[in-house]
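First comes the structure, then the notes that go with it.
Residue numbering restarts at 1 for every chain, and letters A, B, ... go by the order of the sequence lines. Note that the structure is a prediction, hence the values are computed from the model and not measured.
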Protein chains: 2
Amino acid sequence: MPYTYAYPRPALTVDCILFGYDEGDLKLLLVERGSEPFKGRWALPGGFVQRNETLGDAALRELAEETGVGKVYLEQLYTFGDLDRDPRGHTVSVAYFALVRPDGFTLQASTDAAAAKWFLLRKTPPLAFDHKKIVETAVERLKGKVRYQPIGFELLPKKFTLSQLQQLYEAVLETEIDKRNFRKKILSMSILKPLGEYEAGAANRPAQLYQFDRKKYDAATKSGFLFEL
Amino acid sequence: MPYTYAYPRPALTVDCILFGYDEGDLKLLLVERGSEPFKGRWALPGGFVQRNETLGDAALRELAEETGVGKVYLEQLYTFGDLDRDPRGHTVSVAYFALVRPDGFTLQASTDAAAAKWFLLRKTPPLAFDHKKIVETAVERLKGKVRYQPIGFELLPKKFTLSQLQQLYEAVLETEIDKRNFRKKILSMSILKPLGEYEAGAANRPAQLYQFDRKKYDAATKSGFLFEL
DNA sequence: ATAACTTAGTGTAAATAATACACGAACTAA
DNA sequence: TTAGTTCGTGTATTATTTACACTAAGTTAT
């Protein structure tokens with residue numbers, strides 16, 4: 001176990017929880033550790049914050065280095081500082097999270113990571129450090145967030161059906177939602193524009209396509225109005 | 001300006017936002033800085049995290065050292081990592097906050113702090129570092145928190161009137177609340193026990209006294225039930 | 001004594017939001 | 001033509017939120 005030399009203050013790292021939504025499934029981006037400690041184990045992408053580097057920048061850099069994923073809007077989750085969370089010694093980690101479309105990125109592992117891979121959230125392997133706890137915290141936060149803030153802008157194709165949007169909410173909240181009530185509510189927010197077009201090639205009645213109306217969304221949120229779901 | 005010697009990683013500090021509620025007023029605990037930078041300015045109590053010290057422990061230690069305030073339940077707020085927030089160099093700060101009764105503590109400044117004092121929240125002097133931003137973040141968080149979680153257990157005398165409780169909520173939320181609706185709602189939570197006693201010495205109709213029923217509160221929150229106000 | 005003042009305490013009606021629930025329409029595949 | 005699948009729609013019930021005004025019980029001043 002290297003890195004045990006005396007060091008006057010805690011080390012500072014960032015970790016990224018990247019949730020991926022892909023056709024009904026919630027996924028989690030993990031990397032296989034290429035070095036000790038926990039070599040060979042899966043872990044959240046992350047690493048040490050460099051001097052004169054913003055926390056958000058560090059998170060994006062580590063994410064890009066270890067997984068190839070770039071240009072993501074990360075939100076700060078929580079800072080973990082248990083004394084025994086890293087066997088190398090006292091290490092404080094600031095966690096960031098985001099919800100994205102996996103198919104928008106090509107995974108490429110490097111720098112310390114032997115591999116990068118999406119896992120089904122409910123089928124994640126054992127994780128290194130205290131990353132299990134971090135992921136659980138992130139899941140709770142994601143659910144809470146979704147309840148009062150519409151999501152989906154970046155997670156669905158530009159044109160989508162209401163069923164697709166509902167499926168997304170059901171996946172994140174891990175619950176079933178009544179179809180009619182969901183439509184009533186989401187349409188009453190008037191952030192969706194019905195296109196009059198219909199999906200093609202379905203083996204059943206084709207659904208109407210919708211688009212997000214970013215302007216209306218921004219206007220509503222800026223004026224202090226809060227959505228709820 | 002000492003402390004400019006090369007240091008491979010960001011320094012790590014904690015800062016405490018202590019809100020005090022005192023008969024209708026929301027206050028903020030500040031310390032006068034005894035050394036550079038910002039010597040003579042008011043700032044949040046806080047300081048460097050020591051090696052093998054939990055973040056929460058560090059926050060409590062700094063709070064006790066600089067203000068004499070001890071045994072407070074601190075909740076993590078956010079971690080601030082802007083590059084220019086400390087003129088000594090890159091310093092990341094984990095902020096903690098709490099809401100307490102000022103009269104429960106005797107202030108005593110020491111260790112780096114020339115003085116410790118409660119200020120009316122809306123009359124705080126200019127602050128050192130990025131502490132203004134930190135306080136604003138804490139105020140928003142406090143308001144959000146109060147909306148779905150009853151407060152007051154530690155902030156009022158053991159026996160209190162409903163008007164006192166309402167005044168507390170109005171102070172925190174910075175808004176007026178309808179008396180009848182407030183009473184209806186707070187009583188429907190059934191976490192208050194009416195005592196049948198009445199306040200003494202008032203120059204008007206005496207109000208009935210109530211007590212918090214901690215057991216019912218814990219039972220309700222543990223069962224996943226959420227209060228709203 | 002009584003009038004003036006202050007805060008306590010109470011109920012209802014209206015509006016809004018949340019929930020539960022079932023069937024015909026449109027399309028494809030066999 | 002039938003079977004199978006998903007789409008799309010409305011209403012009644014219940015719960016929650018909001019708005020709103022007067023009498024009761026004490027003290028103080030005249």
Of the listed D/dT11, D/dA19, D/dG8, the closest approach to the A/Y198 side chain comes from D/dG8
Examine the base of D/dT17 for any acceptor or donor lying under 3.5 Å from a partner atom in the side chain of B/K184, and report the outcome as yes or no. no
Between B/R41 and B/E32, does at least one N-O distance fall below 4.0 Å, as a salt bridge requires? no
Check whether any side-chain heavy atom of B/E154 sits under 4.5 Å from a side-chain heavy atom of B/R101, and report yes or no. no
Between C1' on C/dT10 and CG on B/L162, what's the gap in Å once rounded to a whole number? 12 Å
Please state how far atom CD in B/Q208 lies from atom C1' in C/dT10, giving the value in whole angstrom units. 13 Å
Check the distance between D/dG8's P and A/L187's CG and give it to me in whole angstrom. 10 Å
In this structure, how many angstroms lie between the C1' atom of C/dA17 and the CE atom of A/M189, rounded? 12 Å
Any side-chain N or O of A/S163 under 4.0 Å from OP1/OP2 of D/dC7? yes
Heavy-atom nearest nucleotide on DNA chain D for B/P206 versus A/N181: which residue maps closer to 5'? A/N181
Considering just the side-chain nitrogens and oxygens of B/R205, establish if one lies under 4.0 Å of OP1 or OP2 belonging to C/dT6. no
Which heavy atom in A/Q208 sits nearest to a heavy atom in A/P194, and how many Å separate them? OE1-CB, 3.4 Å
Taken to the nearest whole Å, CD/A/Q166 to P/D/dG8 is 11 Å
Determine, for B/R122 against B/E174, whether the closest basic-nitrogen to carboxylate-oxygen distance falls under 4.0 angstrom. yes
Per the atom types in the model, does the base of C/dA22 pair as donor or acceptor with the side chain of A/R180 at under 3.5 Å? yes
Taking 4.0 Å as the cut-off, does a side-chain nitrogen or oxygen of A/K185 come that near to OP1 or OP2 on C/dA18? yes
If you look at every strand shown and take non-hydrogen atoms under 4.0 Å, does A/T161 touch a base, only sugar-phosphate, or nothing? nothing
Considering only heavy side-chain atoms of B/N204, the closest of C/dT7, D/dG10, D/dG8 is C/dT7
Take atom CD of B/E176 and atom P of D/dT18, then tell me their distance rounded to the nearest Å. 15 Å
Nearest-0.5 Å distance, CG of residue B/L187 to CZ of residue B/F182: 8.5 Å
Rounding to an integer number of Å, can you tell me how far B/K179 NZ sits from D/dT23 P? 14 Å
Could you state the CG-C1' distance from A/L165 to D/dC7, rounded to the nearest angstrom? 15 Å
What's the closest nucleotide to the A/D178 side chain, out of C/dC21, C/dA26, C/dA8? C/dC21
Whether B/R183 contacts C/dG9 is assessed here as follows: a side-chain N or O lying under 4.0 Å from the phosphate OP1 or OP2. Is that the case? yes
